[in-house]
2 protein chains.
Amino acid sequence: MVNEPSVVSISPRERALMDRLVSLSSSSGSHSPSLATMQLEFPELEVEVDACFLSNPLATDLFWTHFNRDVLEDPQLFKRMLEAYPSQNRVIASDLSPALGIDAGRLFIANGATEAIQAIIQNFSSHVHINVPTFSPYYEFAGPDRKVTRYQLDATESFALDPVHYVQSVLRSGADTAVLISPNNPDGYLIPDNDLAWILGKLASVKTVIVDESFIHFADRDSSGTRRFGALPTLVGITEQFDNVTVVKSMSKDFGIAGIRAGYAIMDPARVTRLLAQGYLWNSSGIAEYFFSLFGRPVFLDEYRKVLNTYRATIERFKTTMSCADFVRTYPTDANFQLMQMPLGVSADMVASLLLVRHGVYVRACGDKVGLDGEFIRVAIRTDSENSKVLAALKDVLSSI
Amino acid sequence: MVNEPSVVSISPRERALMDRLVSLSSSSGSHSPSLATMQLEFPELEVEVDACFLSNPLATDLFWTHFNRDVLEDPQLFKRMLEAYPSQNRVIASDLSPALGIDAGRLFIANGATEAIQAIIQNFSSHVHINVPTFSPYYEFAGPDRKVTRYQLDATESFALDPVHYVQSVLRSGADTAVLISPNNPDGYLIPDNDLAWILGKLASVKTVIVDESFIHFADRDSSGTRRFGALPTLVGITEQFDNVTVVKSMSKDFGIAGIRAGYAIMDPARVTRLLAQGYLWNSSGIAEYFFSLFGRPVFLDEYRKVLNTYRATIERFKTTMSCADFVRTYPTDANFQLMQMPLGVSADMVASLLLVRHGVYVRACGDKVGLDGEFIRVAIRTDSENSKVLAALKDVLSSI
């Protein structure tokens, strides 16, 4: 049963649906059920906006345009992608390396960033120190055989990372692995360049420091200290300064292609060699290989930069609107989502359920996020019209309770 | 330099190409370079038949037909597969389990069989006992931290597995993991049902016994002892009789969709739980999930059985032709490929290179296969017309040296 204040007026139909929704969410572990799963379980619900889904919808369209253009030119291209064995990991890394401006030997191609996270933690870590709240695979994939300790981020500090306290916490923990996600999920806090450089310098003695930059394209981050490809910020250069640093990058969010499963990690070449010597042989699909080849085309990256800028402008408009909104407490974000705290006594599960049942708006209730005290939802920033729908729906739901 | 008898007449152009081919092959490790890599490196070569590639070409066409039909009905279907997060491992397992007639809890969905092999070896094994020659990931993925011992199959016995000697060898080795591939790659030997049942009974004390049935659809195997789905033979039922047995299955070969990366393993439910508790969260792509959903449709399986029977008839014609061929020594096979031994003093690398350079026929030279003494090539059985080209080319090359 969803716990709610007695003043809320909820119809029996709504209540029954809400209970089923909460039950589906808990059976999906620490990740929200996919939209497809949701629609299969609740055919009676029409999901109008998937604001659970953290991706740039314009980038999906761009990929789609290029794919269809290439298939039109070479009608057998797609069938070959399905039929033939894709290239091995090292071959794809060689193709991608010029676009990233990094040696192919430092590049581990992954079946989505989650595979890279799993590979790193399970091969190079015995004790992971992790900031919470954050993306749960970093501690889940540690499994029962590895130690996990935590550094608690503080909502009253807007989840900002205090470099001095953080470094003390890592060193005191004795962990051989520290994880920094910037911008962090679910709060969107971006570690400033100077802080990050200082932290990495202080953690040089820690065996593995993971920097996850999966959301970095959405940040307003333009400092000269970072390596840039196609005018996109990236931290890949850091791995050349610090042997112990591994950069993890999902392609799902910025390129809008979560279904393709594409990601990579950049690390010391000896570690790539170790991983590839015992697996990850054909871990990219034919379509993932095609995506990586697109990534290497300057024309594609130019067009991508344009749609990224358009999307960034949408993100900025969303943030401006929210900065004036008084119906919910928000936290500053440098990613394409915003964390929102529910008013005292209001359950995030209830708000998320009502958003879905009454307005067809699917958001992420964060009740299962380790280290997140209080009632939060995370709202993905989509297109202007979708964002307006989400905010109107949220205002409506919150005003009714 | 390719080593060849002095009598062979090879032009300087051929010689230069052959040297580059051998060098590309050695840089690809223990797997042949993909056709795409080959064509990228050798744009001057026209590959007419890829007889390296072990798949049913008719099944690829069947998948392609269904895919295009479904996309025609729902034009957004494919874009959604690319954009949205696919379902989690357990959700796909639940969808597939009725078609296999096995509990979803026993089913581990994999990004190709190689991922399943890697997961099993790296999570449940410390010492692998493996028949050689065989599919190399079984020993490669053991990595430096696990022991690997071997049971040598004998070419003079047509690579048949002697059950008594084999069981003695496993038990004597002290291995906690035994691997049986049936039909085996590269020789195509199928372990008879009675032998397999006897072996598994004797190995009940071994922690993990892997039975890889990736090529079993091509076998003329129809005994009543095996579980059957859609009239396709499978050993999945064995995992219910023996807790220690894991069945591994690639979808690439029989369904002709290597580029999609789809496979599964069936094992004790506690092992599936252990694997999923620490990874493999979104390891199927959207298209792989679509393929698994097709697999669950009786209409698709009916049509698949028909194209399988057509392809099997082609395989039988190929084998009949080869049984009369006197220009090369062959080995009996129950898979969709045939191992061929070169005449004394003739290098398999040279024959493979000449097949490619002179006839555009790409076959697998097996010089890198551990446990295969002598000079062998492995020829994939494709369509009738392709098979004719391959055999004519082989006859021509062998008669010229």
Side-chain angles (χ1 to χ4, degrees), chain A residues 28-29 31 33-37 40 50 53 55 57 60-61 63-64 67 78-88 90-91 111-112 114-115 117-119 121-122 137 140-146 252 256-261 274 277-289 291, chain B residues 28-29 31 33-37 40 50 53 55 57 60-61 63-64 67 78-88 90-91 111-112 114-115 117-119 121-122 137 140-146 252 256-261 274 277-289 291:
Chain A
S28 297
H31 301 274
S34 73
L35 187 61
T37 304
L40 205 69
D50 183 359
F53 182 41
S55 88
T60 310
D61 294 339
F63 175 85
W64 187 239
F67 180 87
F78 179 38
K79 194 179 173 202
R80 278 203 308 277
M81 287 182 207
L82 302 173
E83 182 173 23
Y85 274 87
S87 298
Q88 294 180 25
R90 287 239 187 248
V91 175
N111 181 42
T114 43
E115 184 181 52
I117 294 168
Q118 187 179 342
I121 300 272
Q122 292 178 7
E140 289 168 353
F141 291 179
D145 303 333
R146 284 169 201 84
S252 301
I257 48 140
I260 291 181
R261 312 309 298 130
R274 167 135 175 233
Q278 49 186 304
Y280 309 103
L281 184 64
W282 292 300
N283 62 337
S284 291
S285 68
I287 295 187
E289 182 173 10
F291 166 75
Chain B
S28 297
H31 301 274
S34 73
L35 186 61
T37 303
L40 204 69
D50 183 0
F53 182 41
S55 88
T60 310
D61 293 340
F63 174 85
W64 187 239
F67 180 87
F78 179 39
K79 194 179 173 202
R80 278 203 309 276
M81 287 181 206
L82 302 173
E83 181 173 23
Y85 274 85
S87 297
Q88 295 180 26
R90 288 238 186 249
V91 175
N111 182 42
T114 43
E115 185 181 52
I117 295 168
Q118 186 179 342
I121 301 271
Q122 292 178 7
E140 289 167 353
F141 292 0
D145 303 333
R146 285 170 202 84
S252 300
I257 47 141
I260 290 180
R261 313 308 300 127
R274 166 136 176 234
Q278 49 188 303
Y280 309 103
L281 184 64
W282 292 298
N283 61 338
S284 290
S285 68
I287 295 187
E289 182 173 9
F291 165 76

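Below, read A as the first sequence line, B as the second, and so on, with proteins coming before strands; counting in each chain starts at 1.
- Judged as a side chain to side chain donor-acceptor pair (under 3.5 Å), and not counting sequence neighbours, the contacts of A:Arg90 are A:Thr273.
- In this structure, chain B has heavy atoms under 4.5 Å from both the backbone and the side chain of A:Tyr280.
- Interface residue B:Trp64: only side-chain heavy atoms are found under 4.5 Å from chain A.
- Both the backbone and the side chain of B:Glu83 come within contact range of chain A, each with at least one heavy atom under 4.5 Å from a heavy atom of that chain.
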Margin query: The test is side chain to side chain contact (heavy atoms under 4.5 Å, CB included); show your working for B:Asn111 and A:Asn283 and say whether it passes.
Written below: CA-CA 7 Å; B:Asn111 182 42; A:Asn283 62 337; 3.9 Å; yes

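- With values rounded to the nearest 0.5 angstrom, B:Met81 atom CE is found 12.0 Å from A:Ile260 atom CD1.
- No part of A:Glu289 comes within reach of chain B, as not one of its non-hydrogen atoms sits under 4.5 angstrom from that chain.
- Atoms CD1 and CZ, on A:Ile287 and B:Phe78 in that order, are 4.0 Å from each other to the nearest 0.5 Å.
- Ranking B:Leu82, B:Thr60, B:Leu40, B:Asp50 against chain A, the residue ahead of the rest is B:Leu82, based on heavy-atom pairs under 4.5 Å.
- Contact detail for A:Pro86 and B:Arg261: the closest heavy-atom pair is CG-CD, 3.7 Å.
- Going from atom OG of A:Ser87 over to atom CG of B:Leu35 covers 10.0 Å, rounded to the nearest 0.5 Å.
- Contact annotation for B:Phe53: only side-chain heavy atoms (C-beta onward) come within less than 4.5 Å of a heavy atom of chain A.
- Partners of B:Arg80 by side chain to side chain donor-acceptor pair (under 3.5 Å), not counting sequence neighbours, listed by chain and number: B:Asp74.
- Remark: the backbone N or O of B:Asp145 is not paired with any side-chain donor or acceptor of A:Gln278 at under 3.5 angstrom.
- The candidate from A:Gly143, A:Gly112, A:Ser285, A:Gly286 with the greatest count of non-hydrogen atom pairs under 4.5 Å with chain B is A:Ser285.
- Looking only at side-chain heavy atoms (C-beta outward), B:Phe141 and A:Leu281 come within less than 4.5 Å of each other.
- With a 4.5 angstrom heavy-atom cutoff, A:Glu115 touches chain B only via side-chain atoms.
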